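Working notes, structure below.
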Amino acid sequence: MGILLRLADGAVGFVARKRLDMLSLDDVPSKCRILDYRHLEQLYICSFDTDAPDKTDETDNLKIGQTVRATISGINSKGIALKLGKVGGFIQNVHLADEPYDNEVKERFKVGDVISAKVWNINEGGVYFTCKEALLDKEVGPMSLEDFEINKPYPGVVVNKSKKGIMVVFFGDVRGILFKDYLNRIFGNQWQDAMYEGEVVLPVVEKMENGILRLKFSVPEVHSVARPLNVGEYVAAQVTQNIPQGLHITIPRKNQKGFIPVAHLSCSLSLTPQLLDTYNVGDDLDDLMCVSADDKTFSIREGRRFKLRGAQVPSSSDVRVGSLLRCSYLKSYNQRVCVSALVAPKPMVLNLYNNEMDVESNRKFASQQGITVRVTRINNDRKRIKVSARTTDVYDWSLEDAVYELEQYLSDIRRIQDRSSHVTKCCLGQQVDCTVKTVAKDYATVTVEGDVEGIVVKHHCLAKMEVGAEVRGLVLWVDVQKNLMIISLKMDQLNFKHDSKAHLNTSTEASVLYFNDDFAMVITKSNHAVFIPMLSNNKFLMVGQYKPNQKVNVIVKRIVNGMAVGIDEAIFKRFSSKQKVAPSVEKVIKSEDEEPVDGNVSSLEEESNNDEKEISPANENSQRKTVAPTLPGLDNFFSAPKVVESESSSDEEVPRERKSKKKKKLTAAERTEMIRHNEEKIRAKEIELADASLEPDSEERFERLVAGNPNSSELWAKYIAYCVSNAEIQKARTIARHALKRIDLNETVERYNVWITLLNLENSYGDKDSFNAAFEEAARCNDDLQIYLDVIDLFANSKRYSEMNEKIKKMKTKHKTDPKMWTGIARVYYKCGHLQDARNVHSSALKTVHSKADHVDLVVQFAVMEFKYGEKHHAEALFETVLQENPKRVDVWSTYVDQMVKKDNIEGARRVLERAVCNSIPPKKMKILFKKFKELELKFGNEESVQHVIELAKQYLGNKL
């Protein structure tokens with residue numbers, strides 16, 4: 001009880017009731033005495049008795065951990081001297097600020113300033129204080145060695161780093177050590193860089209030894225927290241850094257970090273540099289596939305490829321002759337290249353010899369480029385696999401992959417156009433105003449609408465063209481790599497359409513409008529634009545087979561973002577006819593080649609000339625002709641109908657009495673043909689059963705797959721979906737329960753996925769009671785907060801807002817102090833468009849989460865969500881609030897700029913960086929801001945703006961010197 005006062009500069013004071021001496025509000029004096037300051041409440045403790053003695057004037061009245069207001073009486077190289085009444089004290093350099101000490105820190109203090117400080121230690125040498133804000137708000141804890149408790153956290157300051165470990169000092173000058181062996185397990189070899197001298201840490205006491213505390217951290221060790229990743233596993237992640245080599249990511253559910261090489265962003269290698277620029281820090285990534293658990297390498301390219309087909313990464317034990325494998329290029333040698341084959345449980349390193357590749361593709365691969373190979377021979381004795389990457393070997397039986405590659409190519413083009421500010425937004429078929437810039441023999445260049453370059457090839461030029469002439473053109477294509485538009489000036493001959501009304505699976509006549517190394521664009525008689533694949537080098541078709549205005553027949557197979565994707569009917573017939581070729585009559589001898597390969601393949605460098613002599617190309621070709629396996633995960637709708645041969649016996653055409661007669665003895669050629677025919681049927685069946693990537697189409701097939709891989713939640717989810725598609729809901733529930741029993745208890749992620757699948761099932765086909773029963777059980781068996789968050793997201797997606805709010809209410813009572821809960825709830829509200837509800841969550845979170853250190857991170861996360869789902873001005877206000885109180889948080893400045901750039905507000909980002917580099921920030925951190933500023937200007941500015949950044953950096957360094 002008491003009264004609040006309004007002090008100078010808007011500060012707030014408080015006088016306790018016991019100090020009022022029966023004063024009324026009308027008799028309140030105009031002056032008061034400040035006794036103390038409480039940082040948590042930002043409140044001054046006052047008294048109206050200006051003659052009251054200050055109890056802190058004597059050393060005996062001071063206690064360790066007591067907060068006082070003292071006057072700076074002197075400054076020297078070791079720290080700052082304080083005067084508190086008659087008592088003198090000292091603040092060492094390491095205790096002046098939360099950040100690492102430098103001369104700038106001491107420049108903030110001046111003789112005569114009154115500051116808040118906390119008593120750190122009292123000994124014969126005097127009174128020592130600290131003014132670290134992180135310690136002013138902390139509980140003091142014990143002040144002697146005997147009072148420390150095991151496994152309890154205490155705030156301390158890092159004072160020394162040595163070869164033995166890191167020393168931490170607590171209130172009362174009690175000392176403890178974080179030993180090297182422990183730190184090495186937590187932070188690795190760079191443990192000395194994990195903390196700086198003067199950093200406030202919160203370790204716990206492990207035990208006491210010889211008067212020194214042995215310390216550790218309260219967080220679990222990395223090796224006990226991080227759950228192992230499996231090759232072929234899908235994860236969701238967030239971008240933490242964008243560098244020229246790729247994307248650094250963090251995987252929240254796995255508590256791990258990873259990397260996506262730039263070549264793994266897309267199947268189209270030429271687009272990857274432009275695609276890299278479309279990703280920003282904080283972007284969420286879904287369906288990432290782990291391609292190397294040891295290196296923590298992930299792939300968007302392979303994740304999309306396998307996901308689209310509903311296929312799985314094959315196990316090394318399932319690899320057989322005829323299997324198709326996805327690989328990534330590693331290194332080249334004189335006669336071979338080495339590749340990493342994507343198989344579980346870990347990638348296999350294989351050799352790909354020059355004679356097993358297309359001539360034009362030899363030694364022209366980029367790092368981590370995707371390569372598809374077919375297994376042609378397996379030598380189990382020496383644990384070696386022979387593979388081929390020739391186009392005719394890999395893509396003999398279907399054009400499905402050709403359509404898929406082009407589909408992904410067009411999707412990537414759309415992403416680049418949508419997210420890159422320097423790429424024109426003009427769309428195909430758009431009419432634009434052009435100015436002729438140059439006229440040459442085979443082409444002309446134009447300027448489109450003032451600032452974009454365009455090119456008009458010969459057969460799209462007008463008969464008469466003059467430099468400077470204003471003409472009307474039609475956009476055929478946009479080259480995003482060069483930001484160059486391909487234009488046609490023959491407006492009277494084209495009525496361009498690129499909509500979704502083209503007839504699928506129907507052959508139609510068309511003429512070639514434009515082509516490049518990736519595709520050819522044709523226009524049909526109905527004026528629909530159709531894209532057809534024209535890829536090479538371990539892709540599909542040969543380049544250079546089309547000419548301008550050439551007549552072709554096309555079959556439309558896909559509609560991608562309003563653009564039709566199809567195939568050349570002539571190519572389709574040529575590929576389909578390969579399946580009708582009569583098989584060779586050579587005898588096929590079953591050997592060890594058809595056995596599964598061991599997962600441990602010998603190193604690249606162990607290949608010898610003897611291996612090459614052992615396997616001749618002639619033998620490999622003969623084996624390939626006898627097997628026609630289906631590509632993993634494809635429906636083969638391009639393939640010709642299967643020809644079923646009649647196997648009628650001559651016995652059916654003769655009278656019964658003749659059947660008893662002795663059968664005619666088969667000739668050697670007939671026996672060879674019979675053996676070949678039977679073995680080919682057996683081999684085809686074996687390959688079909690062994691190929692886990694084929695989409696199951698029966699319960700028997702599903703049962704066989706889950707028996708071989710019981711820990712795969714994706715397989716179980718497909719099995720459940722198969723039952724649901726057949727209206728067998730109860731059976732789907734039974735299978736989900738069976739999966740939870742079969743999956744290993746250590747496979748927590750796989751089990752969690754099955755629980756979510758079961759909850760989805762109950763949400764879609766069950767009633768409220770069945771859903772709640774499944775939910776309660778799932779919450780007991782898993783991280784209940786994560787279950788709550790996934791369930792409210794599930795309800796939001798199905799627009800069941802009443803149930804969503806009910807779960808949110810229950811979740812708030814159980815996890816109200818967990819920041820993860822508040823951000824999870826807000827994200828759901830933002831996605832639903834409930835902006836005010838999301839902002840109310842923001843306010844509640846700041847009131848409920850007690851840790852002040854979490855407040856900044858919370859506000860930043862809400863600001864990022866505002867940028868992504870809400871209103872730009874509200875997001876900027878949140879960032880500005882944080883930076884006003886924390887102007888030296890480089891990470892906050894960087895995130896603010898990234899969000900501005902993501903919204904194409906380049907000028908705004910530039911202004912933010914201008915303000916950021918004007919702050920008094922240590923050089924090591926300021927370097928990050930200047931680097932970001934320079935990269936921004938290199939990408940979006942000009943030479944003058946880049947030079948401006950360089951001048952600012954020189955000015956900053958000059959001031960430092």
Side-chain angles (χ1 to χ4, degrees), residues 39-40 42 96-105 107-108 131-138 155 157-158 193-202 238-242 248 250 280-283 819-820 822-823 842 845-846 849-868 874-903 905 908-936 949 952-953 956 959-960:
H39 286 265
L40 285 175
Q42 296 184 352
L96 291 177
D98 287 341
E99 63 264 30
Y101 170 77
D102 58 20
N103 290 331
E104 285 189 359
V105 172
E107 289 174 2
R108 305 176 196 166
C131 59
K132 285 180 174 289
E133 292 184 7
L135 291 174
L136 294 177
D137 295 338
K138 298 282 187 186
V157 176
V158 175
D193 298 329
M195 288 165 272
Y196 58 85
E197 291 188 8
E199 183 173 356
V200 177
V201 294
L202 195 67
Q238 192 174 66
V239 178
T240 58
Q241 188 180 8
N242 185 322
H248 286 283
T250 181
N280 297 299
V281 174
D283 281 356
K820 180 182 176 182
W822 294 106
T823 55
H842 176 203
L846 294 179
V849 176
H850 301 309
S851 173
K852 297 292 183 181
D854 289 334
H855 282 194
V856 172
D857 293 335
L858 269 174
V859 176
V860 170
Q861 289 186 62
F862 275 93
V864 170
M865 286 188 283
E866 274 288 348
F867 262 118
K868 189 171 184 178
H874 196 89
E876 292 177 358
L878 291 175
F879 270 115
E880 293 294 342
T881 301
V882 173
L883 291 171
Q884 186 176 0
E885 298 179 0
N886 303 272
K888 298 188 178 183
R889 286 289 297 266
V890 174
D891 56 334
V892 179
W893 286 108
S894 297
T895 305
Y896 193 7
V897 171
D898 289 338
Q899 297 304 314
M900 287 278 197
V901 173
K902 189 182 292 187
K903 292 295 182 181
N905 186 2
R910 193 173 281 127
R911 288 194 299 270
V912 171
L913 285 169
E914 288 272 6
R915 290 166 45 208
V917 298
C918 291
N919 285 284
S920 179
I921 298 175
K924 189 174 181 180
K925 293 185 177 180
M926 183 65 83
K927 181 181 178 182
I928 299 172
L929 290 176
F930 274 118
K931 182 180 178 182
K932 197 172 197 71
F933 202 169
K934 185 177 179 181
E935 289 175 350
L936 178 78
V949 176
L952 287 176
Y956 170 80
N959 294 336
K960 287 294 178 185

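What you are looking at is a predicted structure, and each value in this text was computed from that prediction instead of being measured.
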* At what distance, to the nearest 0.5 angstrom, does CG of Asp898 lie from CD of Gln241? -> 10.5 Å

* Sub-3.5 Å donor-acceptor pair from the side chain of Lys903 to the main-chain atoms of Phe867, do we have one? -> yes

* Could you give the distance from OG (Ser894) to CZ (Phe933), rounded to the nearest 0.5 Å? -> 12.5 Å

* Asked: CD/Gln899 to CD/Glu866 distance, rounded to the nearest 0.5 angstrom?
  -> 11.5 Å

* Can you measure from CG (Asn280) to OG1 (Thr895) and round to the nearest 0.5 angstrom? => 11.0 Å

* N/O donor-acceptor pair under 3.5 Å between Trp893 side chain and Lys888 backbone -> no

* To do: For Leu135 and Pro155, work out which heavy atoms get closest and say how close.
  => CD2-CB, 4.0 Å

* Please tell me if the side chains of Thr823 and Leu858 come closer than 4.5 Å, counting only heavy atoms from C-beta onward. => yes

* Asked: Hey, are the side chains of Arg910 and Met900 touching, using non-hydrogen atoms and a 4.5 Å cut-off?
  -> no

* To do: Kindly say whether His248 contributes a backbone atom to a donor-acceptor pair with the side chain of Thr240 at under 3.5 angstrom?
  => yes

* Would you check if the side chain of Asn905 reaches a backbone N or O of Gly908 as a donor-acceptor pair within less than 3.5 Å? => yes

* Validation row: Val856, Arg889 side chains within 4.5 angstrom (heavy atoms) -> yes

* Once you round to the nearest 0.5 Å, how far does CG of Asp283 lie from NZ of Lys868? -> 6.5 Å

* Asked: Does a side-chain heavy-atom distance below 4.5 Å link Val892 with Asn886?
  -> no

* **Considering all heavy atoms, the nearest Lys902-Gly282 contact** => NZ-C, 4.3 Å

* Structure fact -> In Met926, Lys927, Lys932, Lys925, the residue satisfying side-chain contact (heavy atoms from CB on, under 4.5 Å) with Leu929 is Met926

* Asked: How about Asp857 and Val860: do any of their side-chain heavy atoms sit closer than 4.5 Å?
  -> no

* Asked: Do Lys931 and Glu935 have side chains that get closer than 4.5 Å, going by heavy atoms?
  -> yes

* **For Val849 against Pro819, the heavy-atom pair lying closest together** => CG1-CG, 4.1 Å

* With side chain to side chain donor-acceptor pair (under 3.5 Å) as the test, would you mind laying out the steps for Glu197 and Tyr101 before giving the verdict? => CA-CA 8 Å; Glu197 291 188 8; Tyr101 170 77; over 6 Å; no

* Structure fact -> Between Leu936 and Val901, the two heavy atoms sitting closest are CD1-CG2, 3.7 Å

* Apply the test salt bridge (Lys or Arg N to Asp or Glu O under 4.0 Å) to residues Lys820 and Asp854: give CA-CA distance (whole Å), side-chain angles for both, the deciding distance (0.1 Å), then the verdict. => CA-CA 10 Å; Lys820 180 182 176 182; Asp854 289 334; over 6 Å; no

* Taking side chain as C-beta onward, heavy atoms only, is Val917 less than 4.5 Å from Phe930? -> yes

* Asked: Is there side-chain contact between Leu952 and Glu914, with heavy atoms separated by less than 4.5 Å?
  -> yes

* Using modelled atom types only, decide if a donor and an acceptor are shared between the side chain of His842 and the backbone of Ala863 within a distance under 3.5 Å. => no

* Under 30°, 30 to 60°, or over 60°: which ring-plane class applies to Tyr896 and Phe879, parallel, tilted or perpendicular? -> parallel

